[in-house]
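In what follows, a single structure is set out as structure tokens and then discussed.
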Amino acid sequence: MRHLAILGSTGSIGTQTLEVVDNNEDMKVVSLAAGSNIDLVEQQIRKYHPEVVCIYQEDKARELARRVTDETVSVLYGMDGLIACATAASADVVVAAVVGMIGIRPVIEAIRCGKDIAFANKETLVTAGHIIMPLIREYQVLLTPVDSEHAAIFQCLNGEHHGEIAKILLTASGGPFRGRKKEELASVTVEDALRHPNWTMGRKITIDSSTMVNKGLEVMEARWLFDVDYDHIQVVIQPQSVIHSMVQFQDGAVIAQMGTPDMKLPIQYAMFYPKRAFLGGERLKFEQLQSIHFAKPNPALRGIELASEAFRRGGSMTTVMNAANEYAVAKFLNREIFFTDIYRWIEYAMDHHSVIQNPSLEEILKTEQETYTLLEKDRNIIK
Ligand code: NDP
Ligand code: MG
């Protein structure tokens, strides 16, 4: 029996995790956390009967508590509530599926309490990988990737020796603007950017996929998860999302993990590893597929380049890059800035930051706030 804490239970990964729970009798939900969507959390409480839930927004949490007095559940709020859900005594695996850097502290506390982590929340690793990965080793917990590319790489590395990896081939669909020229990007709308060709995901990651910032974050994520040099990770465009990623070894062999695009596979695998459980759904039909295409990333989509620059400058710069992106994406979704401004805002924040090497958790969180303050203050200059 796996006892789950699901952080981000109302989101794309969270709800698909609950679908996996529905299909597996040996899983029980012990805690749930979300930002503000109390209607859905109320339904989830009535269906899964968790011991504790957190709604980050205090007023919403109080309203939910009033609604569920007939259930034996504690309703908490804020960061303390999120941490309480992540460290619930009866949980043995935490599904880290909140969006953004807000996941850092709950993930760290969960590891310190000896919980295994099924990991989707890439922003946390990008900004605090140098803290989280040593903790994983120190507390000897299992971290299994949920991000589809990293789950693929994880499967390709099963039974292999780390020293024999030549490079990681991280695949990307290329998003909705795969073939667009720089001049064509200026006028794209929020709706255009939200139209991902292969995956249905939360809004923030869908925008990140359209800018290729998602792939830039994923290169950093892979660097931390698999302890491979940044230069040994290559992004390959695979528009159909049939190959979820590949690993090339010293002898030239390439191992790929393939399948239809369905996040329930990596979610379920992360939960049952090293076993595989049955999962319904479509199977790849090679006779219909006929060919698999590859291409180079489109340089007009600057997400990989900016992430690479942040990683090269090191230390707290990845926090600045990530925080500036989180901030700019929210502004773009709110129609306050243009699509290509996202790159300009990230660059502006990076250009105005002096790197702190090996930042502590407090320094990371302070850098995040300073980045938001800078962008808010200078928003008219940047525009
Ligand atoms: P969604 O936007 O769909 O969901 C985000 C979840 O986080 C919601 O449950 C939301 O609650 C919750 N949340 C937001 N802010 C807070 C907060 N302050 N406290 C507690 N909970 C909060 O995102 P996704 O599911 O798409 O993505 C989640 C993470 O997984 C991201 O890091 C993303 O990069 C990663 N990921 C997602 C993939 C996908 O297919 N969706 C694929 C690979 C990685 P509420 O609904 O109440 O706002
Ligand atoms: Mg991914």
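When a ligand or atom number is given, it counts from 1 through the structure's own listing order.
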- Message: Ignoring waters, how many N, O or S atoms from the protein are under 2.8 Å from the Mg ion (ligand 2)?
- Response: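 That number is 3, waters not included.
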- Task: Evaluate the criterion side chain to side chain contact (heavy atoms under 4.5 Å, CB included) for residue pair Met212 and Arg302; output intermediate values, then yes/no.
- Result: CA-CA 7 Å; Met212 291 295 274; Arg302 297 183 55 215; over 6 Å; no
- Query: For the side chain of Asp92 and the backbone of Lys115, is there at least one donor-acceptor N/O pair under 3.5 Å apart?
  - Reply: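 Flag not set: sc Asp92 to bb Lys115 has no pair under 3.5 Å.
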- Query: Okay, side chain of Asp116, backbone of Val141: is any donor-acceptor separation there less than 3.5 Å?
  - Reply: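 No, because the side chain of Asp116 does not come within donor-acceptor range (under 3.5 Å) of the backbone of Val141.
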- Query: Taking any residue with a non-hydrogen atom under 4.0 angstrom from an atom of ligand 1, which ones do you get?
  - Reply: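 Residues within 4.0 Å of ligand 1: Gly8, Ser9, Thr10, Gly11, Ser12, Ile13, Ala34, Gly35, Ser36, Asn37, Tyr56, Leu82, Ala97, Val98, Val99, Ile102, Ala120, Asn121, Lys122, Glu123, Asp147, Met201, Gly202, Ile205, Met263.
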- Task: Step through the shown structure and confirm whether more than 12 heavy atoms of other residues, nucleotides or ligands are within 6.0 Å of NZ on Lys331.
- Result: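 Atom NZ in Lys331 is packed in, count exceeds 12.
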- Task: Report, as yes or no, whether the 6.0 Å neighbourhood of atom CD on Glu282 holds more than 12 heavy atoms from other residues, nucleotides or ligands.
- Result: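 No, not enclosed.
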- Message: My understanding is that only one of Thr127, Val98, Thr319, Asn121 makes a side chain to side chain contact (heavy atoms under 4.5 Å, CB included) with Ile104; could you say which?
- Response: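 The single option meeting the side chain to side chain contact (heavy atoms under 4.5 Å, CB included) with Ile104 is Thr127.
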- For the residue pair His130 and Trp224, does the interplanar ring angle fall in the parallel (under 30°), tilted (30 to 60°) or perpendicular (over 60°) class?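 Tilted, since the angle between the ring planes falls between 30° and 60°.
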- Query: What pairs with Asn158 under side chain to side chain contact (heavy atoms under 4.5 Å, CB included), at least two apart in sequence or on another chain?
  - Reply: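 Per chain and number, Asn158 pairs via side chain to side chain contact (heavy atoms under 4.5 Å, CB included) with Tyr269, Tyr273.
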- Nonpolar side-chain network containing Leu265, other nodes, edges under 4.5 Å: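 Same cluster as Leu265: Leu279.
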